[in-house]
**Q** 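Below is one structure. I have some questions about it.
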Amino acid sequence: MWAIKAMEHAEVYFNILCSVDPKFLKLTPHDEQIYKTFKDTFPNMNVDKVDEDELKSSEGKIKWRFFCEQFKDVVEDYSFGTLLRADCTGDYSEQNSILTTRIQFYAIELARNREGFNDGVREKYKSNRTIKK
């Protein structure tokens, strides 16, 4: 059941990216806090192309666990399994999806949106997407 929810979340999010300027997206009521904490904790993380091995390394797991736990009582479903695109220039696919926690997804996607990495998604994919009514 969690896999279905994760895929539905990914599809909805990608459809939104294809129709709205990412710089104006608000993902949670806590976007400022998430983004600031993320940049303070991972100042040099390459968010446009996420390295899954680095993300899930022993050292990475320790840093991410500390980061995630800060949002335990702040962000609903912070630890829920969520799909993240490894390369932000691509769509979700088996090769381009990483299973992360919801708070990791928020942190990385907020950085991508604010720093302009998701800007090309709308132009690249908007004609291939149709929003279901």
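Remember, predicted model here, so these are calculated numbers, not experimental data. As a basis for the values below, the full set of heavy atoms in this structure was taken, side chains included, without hydrogen atoms, waters or symmetry mates.
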**Q** Taking side chain as C-beta onward, heavy atoms only, is Val47 less than 4.5 Å from Glu115?
**A** yes

**Q** How close do His30 and Val74 get, heavy atom to heavy atom, and via which atoms?
**A** NE2-O, 3.2 Å

**Q** Atom OH in Tyr92, atom CD in Glu11: separation rounded to 0.5 Å?
**A** 10.5 Å

**Q** I need the minimum non-hydrogen distance between Cys88 and Phe117, along with the two atoms involved.
**A** SG-O, 3.4 Å

**Q** Do you know the tightest heavy-atom contact between Asp77 and Arg102?
**A** O-CB, 3.1 Å

**Q** Can you confirm whether Lys36 is buried at NZ, in the sense that more than 12 heavy atoms of other residues, nucleotides or ligands lie under 6.0 Å from that atom?
**A** no

**Q** Specify the closest pair of heavy atoms between Gly81 and Ala6, including all atoms of both residues, with the distance to one decimal.
**A** O-CB, 3.7 Å

**Q** Could you tell me whether the side chains of Thr28 and Asp31 share a donor-acceptor contact shorter than 3.5 Å?
**A** yes

**Q** Check the pair Leu83 / Met7 against side chain to side chain contact (heavy atoms under 4.5 Å, CB included), numbers first and verdict last.
**A** CA-CA 7 Å; Leu83 295 174; Met7 195 58 222; 3.8 Å; yes

**Q** Within a 6.0 Å radius of atom NZ on Lys26, are there more than 12 heavy atoms belonging to other residues, nucleotides or ligands?
**A** yes

**Q** If you measure from CG on Asp87 to CG on Asp51, what distance do you get to the nearest 0.5 Å?
**A** 12.0 Å

**Q** Take Leu99 and Glu52 through the side chain to side chain contact (heavy atoms under 4.5 Å, CB included) test and state the conclusion after the steps.
**A** CA-CA 9 Å; Leu99 182 62; Glu52 184 173 14; over 6 Å; no

**Q** Are the charged groups of Lys124 and Asp91 less than 4.0 angstrom apart, N to O?
**A** no

**Q** Output the distance between atom CG (Leu55) and atom NZ (Lys63), rounded to the nearest 0.5 Å.
**A** 11.5 Å

**Q** Quick one: sort the Trp64 and Phe42 rings into parallel, tilted or perpendicular, breaks at 30° and 60°.
**A** parallel

**Q** Tell me whether Lys56 at atom NZ has more than 12 heavy atoms from other residues, nucleotides or ligands lying less than 6.0 Å away.
**A** yes

**Q** Which distance, rounded to the nearest 0.5 Å, do you find between the CG of Leu17 and the CG of Leu25?
**A** 6.0 Å

**Q** Considering non-hydrogen atoms only, spot the tightest contact between Cys68 and Gln104 and give its length.
**A** SG-CG, 4.0 Å

**Q** One pair to check against side-chain hydrogen bond (donor to acceptor under 3.5 Å, both in side chains): Gln70 and Tyr78. What are the steps and the verdict?
**A** CA-CA 10 Å; Gln70 294 177 73; Tyr78 81 105; over 6 Å; no

**Q** Should we say atom CD of Gln33 is surrounded by more than 12 heavy atoms from elsewhere, each under 6.0 Å from it?
**A** yes

**Q** Treating Thr41 as the side-chain partner and Lys39 as the backbone partner, does any N or O pair qualify as donor plus acceptor under 3.5 Å?
**A** no

**Q** Rounded to the nearest 0.5 Å, what separation is found between the OG1 atom of Thr82 and the NZ atom of Lys5?
**A** 11.0 Å

**Q** Please check if any side-chain donor atom of Asn113 sits under 3.5 Å from a side-chain acceptor atom of Asn118, or the reverse.
**A** yes

**Q** State whether a side-chain donor-acceptor pair under 3.5 Å links Glu8 with Tyr13.
**A** no

**Q** Let me confirm one number: the CD1-OG1 distance from Ile108 to Thr100, rounded to the nearest 0.5 Å.
**A** 6.5 Å

**Q** Would you say Ser57 and Glu54 are linked by a side-chain donor-acceptor pair, where the criterion is simply a distance under 3.5 Å?
**A** no

**Q** Going by an N to O cut-off under 4.0 Å, is there a salt bridge joining Arg114 and Glu32?
**A** yes

**Q** Do Tyr106 and Phe71 have ring centres separated by under 6.0 Å?
**A** no

**Q** For Ala111 versus Phe38, what's the shortest heavy-atom pair and its separation?
**A** CB-CE2, 3.7 Å

**Q** What do the steps show when you test Ile103 against Lys72 for side chain to side chain contact (heavy atoms under 4.5 Å, CB included), and what is the final call?
**A** CA-CA 9 Å; Ile103 192 63; Lys72 183 177 186 174; over 6 Å; no

**Q** Hey, mind stepping through Glu109 and Arg85 against salt bridge (Lys or Arg N to Asp or Glu O under 4.0 Å) and telling me if it holds?
**A** CA-CA 9 Å; Glu109 286 297 333; Arg85 293 169 298 133; 3.4 Å; yes

**Q** Say whether, by atom type as modelled, one donor and one acceptor occur between the side chain of Thr37 and the main chain of Ile34 under 3.5 angstrom.
**A** no

**Q** With a 4.5 Å limit on heavy-atom distance, are the side chains of His9 and Phe80 in contact?
**A** no

